[in-house]
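Report on one structure; see the data block that follows.
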Amino acid sequence: MSERFRIVGGAHLKGEVHVPGAKNSVLKLMAATLLAPGKNTITNVPDILDVEIMIELLERLGCTVNRLQGKVEITVPENPEHRADYELVRKIRASINVLGPLTVRVGAADVALPGGDAIGPRPLDIHIKGLEALGAKVHIEHGYIVTEAPNGLDGATIELDFPSVGATENIMMAAVLARGTTVIDNAAREPDIVDIGNFLIEMGAKISGLGSTTITIEGVKKLNPATHATLPDRIITGTWAFAAAITQGDITIKGARADHLEIPLEKLTNAGAVVTTIEDGIRVHMEHRPKAIDVATLPYPGFPTDLQPMVVAMNAIAEGDAIVTENVFQGRFMFVNELSRLGAKITVDGHHAAICGIPQLSGAPVVATDIRAGVGLVLAGLVADGETIVEDAFHIDRGFPNFAEQLQALGADVKRI
Ligand code: UD1
C-alpha cells in the first residue's frame, strides 16, 4: 500500500521554513549539462524523487553522477548515448528536456513520449516544430520522438504558438550549439528559463533577452562545464504563503524571492493577508478568515497554474464567492472532485471554477492526483474538521521535500502513514 498523509485540521501554522532549490529548474539544469563535456556541478539541489530519476536517466546516457549533500556533480562524456527509455521518461516529464541537448550534441535523440498526465493532455508539437526549424529531422516511431541532425543545427527565427516553458528550454538548449543566430519569439519568461539561460551563459553560450518575450542566441562551437546554484522554488514559496493564509497562521519563508511571485502575493494581500518582505525572504500573516479572490492562471508573470489548487483550496473556506479560471492546462480541475469530498462547494464549467466559500471543510479520505493537487488537498485538510487522509503521497514527494515533517514543525497535526 502506498504512503498517505493523515491530517487532523485546526492548527494555525506558525514558524519559519526554508525554500529549497526549484524542481522545475534543477531538472533542466541537469539536462543542460549534456551540452558541456567534463564535470559540471549544480548546487542548491532539492531532496526530491525527480532528481533521483533524472540522475538515473543521465547515467543511462553515459554520464557519471555524484550526489552529495545538496549538490550533484555530473561528468558528461565526449560522446553520450542518445536513447531515453519509456520506463524512466514516463516517471518525469522533464526528461523531455534532454531532447534539445542530445540532438545538437550527438546529432540524434531517441526519447520516449512522456504520455498522459493527470492535468490533461500535454502535446509536444511546439518542441518538435522548434527543432525542425533548426534543421533537425523529427518523427515519432514506436512511441519515441526520434530526431536526426548528423550535420548539426542551423539558427533560425522561431515564433512559438504558445509561450511553452518546456519548448522554450529545449529550443534554447539546442540553439546554443547551432550555427548562426536563433531568435525565439513569444518565448516563455518564467524565472526557470532565466536560470537555465544563465547556466548556459556560464558555460560560454551567447544569449540575450532572457526573461523577455524574445530570446536571441548566437551559436558557439563548444561549451565548457560550469558550476551553478539552482534558484529558489517559487511554487513552494507560494504554497507556504497560501498555507499561512488558509490556516490563519504566520509563516516566515526564508530564501524566498518575492519578486518571482508578485501577482500571487498581491492576491493574498487582497484576501486579507499581511505580506512583508524581510531580509532574505517574506513573512505572511493572516489574522482572520480569508476573503474570496478571483484568479486567472497565465504564463509568467501571470498567476502560476501550479498554485491554482492552493488558491481553490483557500477560496473553498473563504468569505464570499470566487471564480478561478485555468488558462494553461485544460485538465487541471480534476482534483476539484476530491476537494468536494471535503465539503467544498465548487462548480466547474469548462476552464472556470465557481467557488462558494464555507466556514469549514469536513475531513474525509481523498486521493492526490498530481503533485500540486496533492499539496492543495493537504492544505484543505489543515482547515477541515477531523481527520483527512490524502492517498498517493508519492505525488507530493516528487515536488515537495519533507512536506509532512515541515508542517509538523509549524504546529500541524500531520503524519505520514
Ligand atoms: C512546466 C512545468 C509545470 C508548469 C508549466 C506551466 C516543468 C517540469 N513543469 O511544464 O510545472 O505547470 O511549465 O508553467 O517545468 N503545449 C502545447 N504544445 C507543446 C508544449 C506545450 O500545446 O509542444 C501546451 C501545454 O499542453 C499546456 C501549455 O502549452 O497547455 C503550457 O505548457 P508548458 O509551458 O510547455 O508546460 P511544461 O513545460 O510542460
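As the structure lists them, so they are numbered: ligands from 1, and atoms in each ligand from 1. Heavy-atom basis, side chains included; hydrogens, waters and symmetry copies ignored.
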Any atoms of ligand 1 less than 4.0 Å from a non-hydrogen atom of G166? List them with their elements.
35 (O), 38 (O)
Report yes if some heavy atom in the side chain of H228 is under 4.5 Å from a heavy atom in the side chain of N40; otherwise report no.
no
Evaluate the side-chain proximity of I74 to V76: yes if any heavy-atom separation is below 4.5 Å, no if none is.
yes
Salt bridge D233-R257, side-chain N to carboxylate O under 4.0 Å
no
Would you mind checking if R60 and E87 are paired as a salt bridge, meaning a charged N to carboxylate O distance below 4.0 Å?
yes
What are the atoms of ligand 1, with element, lying closer than 4.0 Å to any heavy atom of F162?
28 (C), 29 (O), 31 (C)
When you measure from atom 20 (C) of ligand 1 to each heavy atom in P123, A167, P299, which option holds the nearest one?
P123
Hey, what's the ring geometry for F400 with W240, parallel, tilted or perpendicular (30° and 60° as the breaks)?
perpendicular
Testing the 3.5 Å rule here: is there a donor-acceptor pair between the side chains of S212 and R189?
no
Note: ligand 1 atoms sitting under 4.0 Å from heavy atoms of R332 are 12 (O)
Report the part of I126 (side chain from C-beta onward, or backbone N, CA, C, O) that has a heavy atom under 4.0 Å from ligand 1; answer both or neither where that applies.
both
Polar contacts were defined as any N/O atom of the residue lying under 3.5 Å from an N/O atom of the ligand; does this apply to R372 and ligand 1?
no
At under 4.0 Å between heavy atoms, is it the side chain or the backbone of Q330 that contacts ligand 1, or both, or neither?
neither
For ligand 1, which atoms sit closer than 4.0 Å to a heavy atom of V328?
27 (C), 28 (C), 30 (O), 31 (C)
Name of the residue among V284, L410, I282 meeting side chain to side chain contact (heavy atoms under 4.5 Å, CB included) with I251:
L410
Between ligand 1 and E169, can you find any atom pair, the residue atom being a heavy atom, that is separated by under 4.0 Å?
no
Taking non-hydrogen atoms only, is D192 closer than 4.0 angstrom to ligand 1 via side chain, backbone, both or neither?
neither
Specify side chain, backbone, both or neither for T305, according to which of its non-hydrogen atoms lie closer than 4.0 Å to ligand 1.
side chain
Backbone or side-chain N or O of D125 under 3.5 Å from ligand 1 N or O:
yes
Hey, does the side chain of D47 reach the backbone of P401 with a donor-acceptor pair shorter than 3.5 angstrom?
no
